[in-house]
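Please read the structure below before turning to the comments.
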There are 2 protein chains.
Amino acid sequence: MTSESTGPGSVRPGGRTARVRSAVLRAAGDALAEHGLAGLDLADVARRAEVGRTTVYRRWGTPASLVADLLADMAEQSLPRTESGSLLGDLRANARLVRRTLADPRQGALFKAVLAAATCDPQTAAALHRFYEVRVAEWEPCVRQAVERGELPAATDTREVIRAVSAPLYYRLLTTGDPLDEAAADRAAEAAAAAARAGAFVPPTA
Amino acid sequence: MTSESTGPGSVRPGGRTARVRSAVLRAAGDALAEHGLAGLDLADVARRAEVGRTTVYRRWGTPASLVADLLADMAEQSLPRTESGSLLGDLRANARLVRRTLADPRQGALFKAVLAAATCDPQTAAALHRFYEVRVAEWEPCVRQAVERGELPAATDTREVIRAVSAPLYYRLLTTGDPLDEAAADRAAEAAAAAARAGAFVPPTA
DNA sequence: CCATTAATGGAACAGGAGTCCCGTTATGAC
DNA sequence: GTCATAACGGGACTCCTGTTCCATTAATGG
């Protein structure tokens, strides 16, 4: 154990290896969206990806590890952020983007499955946390601008405002059967903006 | 198929059968809290409950079905609701109760596992929805009273206000590694109250 | 282009999850 | 108390998940 053991795919990451990873991640996403986490069978993923079972077991080993890699891949694909000039406009754009994603049959199911996977394994949870840190950091500037414009209290926890927009949408996705319509997204944005203006996201003086 | 097939436990639900169900549900809760959904092995549950494997497979069949039954059981155990006289006070009490539950190592892990299970199976999801319907209905009156007192707009969607309190806590539980402290609970209550006062939960005139 | 060897994929193997069969236990009706 | 049978529990069996071994393929360095 003089040198850390480098897993398969790290020494020759080009060509075939990259192709295999791509195919497997795509297949894993499909499988998760279709059958959920419980139905995530590595043998099935290998079949879908037209890759040897052995390869999948060797490189990822467990469903949790595969999902963690999938999350790392998802974190890299960032969506463009629009700017509307007003806090409510920006938050609404964010809320609608999140809603569209969660309401989409494939993406919504995928996110549910990924959240489920994160509850089962610490490493997957860490990957999920990174994913949302990236997403929140992308949108946080629009709240910061609102603070600079004087729309919000100076000490506002800007990241928490962004999270407050997503929270009701995710909560609805998981705990009710109600559809995620655009009205829900707009309500989430309005509620977050109103709460922020009222100073609900100003930490109690440290 | 003249009469609907009644599953085991429905004809003689007393004595031993009830004891078995109780022991199995307790064991399932323990297993879920310890290993999460992925580690929920019916054979292991049977061992913990000191019950025959066959019995567990026959009566519940799948992990999802077992979790659904566990949820039905959890929905029956209701927690007492306190009344403080003000909207913010009531919402804060609710937020702190939810926080305590989710921050508790066993209960928190159990809720995460149950949410994960609901993403895998429609029946489990339905049981989860019922569970939260019951919980929301229990607390909704305190918002209704605030409306009657004139603290909130008349057309406020009272149930949505209660959900707005829980949402950020669940969102944090799942998507960040941050601890669920009391400050987070109070902030959730304040944000929901502020948003409600601002009319964010008044449906756009139908 | 050639050589080295990382990475893949098929096949055989092992272990465990889930099912079936049937004898045993104890519930509920009388 | 007694009876009929619902429900339980042990053990054998099957199938499938995950592992190991080794031959084949193709990425990288020269």
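Chain identifiers are assigned alphabetically (A, B, ...) following the order of the sequence lines, protein sequences preceding nucleic acid strands; residue numbering begins at 1 within each chain.
- Between B:Asp186 and B:Arg96 there is a salt bridge, since a side-chain N of the basic residue sits under 4.0 Å from a carboxylate O of the acidic one.
- Atom CZ of B:Arg16 and atom C1' of C:dA26 are 5 Å apart (whole Å).
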Show me the donor-acceptor pairs, under 3.5 Å and distance only, between side chains in residues 105-119 of chain A and residues at least two apart or in other chains.
residue	atom	partner	partner atom	Å
A:Arg106	NE	A:Asp30	OD1	3.2
A:Arg106	NH2	A:Asp30	OD1	2.6
A:Thr119	OG1	A:Ala116	O	2.6

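- Taking a cutoff of 4.0 Å between a charged side-chain nitrogen and a carboxylate oxygen, A:Arg48 and A:Glu34 qualify as a salt bridge.
- Under a 3.5 Å cut-off, the side chain of B:Arg172 and the backbone N or O of B:Pro179 do form a donor-acceptor pair.
- Near-neighbour residues of DNA chain C inside residues 41-55 of chain B, defined by a heavy atom below 4.0 Å, number-ordered: B:Asp41, B:Thr54.
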Close N or O pairs between protein and nucleotides 28-30 of chain D (under 3.5 Å):
residue	atom	partner	partner atom	Å
D:dT28	OP1	A:Gly14	N	2.9

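- Using a cut-off of 4.0 Å between Lys/Arg side-chain N and Asp/Glu carboxylate O, B:Arg21 and B:Asp73 are scored as salt-bridged.
- Residue contacts shown for A:Arg19 are limited to sugar-phosphate atoms, with no base heavy atom under 4.0 Å away.
- In B:Gln123, the CD atom is not crowded: 12 or fewer heavy atoms of neighbouring residues, nucleotides or ligands sit closer than 6.0 Å.
- We find that A:Arg163 and A:Glu160 are joined by a salt bridge, their nearest charged nitrogen and carboxylate oxygen being less than 4.0 Å apart.
- Salt-bridge annotation for A:Asp90 and A:Arg81: absent, with no side-chain N of the basic residue lying under 4.0 Å from a carboxylate O of the acidic one.
- At a threshold of 4.0 Å, the pair A:Asp104-A:Arg100 does not count as salt-bridged, since none of the basic side-chain nitrogens sits closer than that to a carboxylate oxygen.
- Panel note: side chain B:Arg159, backbone B:Val136; no donor-acceptor pair is recorded below 3.5 Å.
- Shown for residues 56-70 of chain A: residues whose heavy atoms fall under 4.0 angstrom of DNA chain D, namely A:Tyr57.
- Residues A:Thr158 and A:Ile162 fail the side-chain proximity criterion, which asks for heavy atoms closer than 4.5 Å.
- Here A:Arg59 pairs with nothing under the side chain to side chain donor-acceptor pair (under 3.5 Å) rule; sequence neighbours left out.
- Remark: side-chain polar atoms of B:Ser65 are not paired, donor with acceptor, to backbone N or O of B:Gly61 under 3.5 angstrom.
- For the helix from C:dC1-D:dG30 to C:dC30-D:dG1, the rotation axes defined at the first and last 5 base pairs enclose an angle of 60°, given to the nearest 10°.
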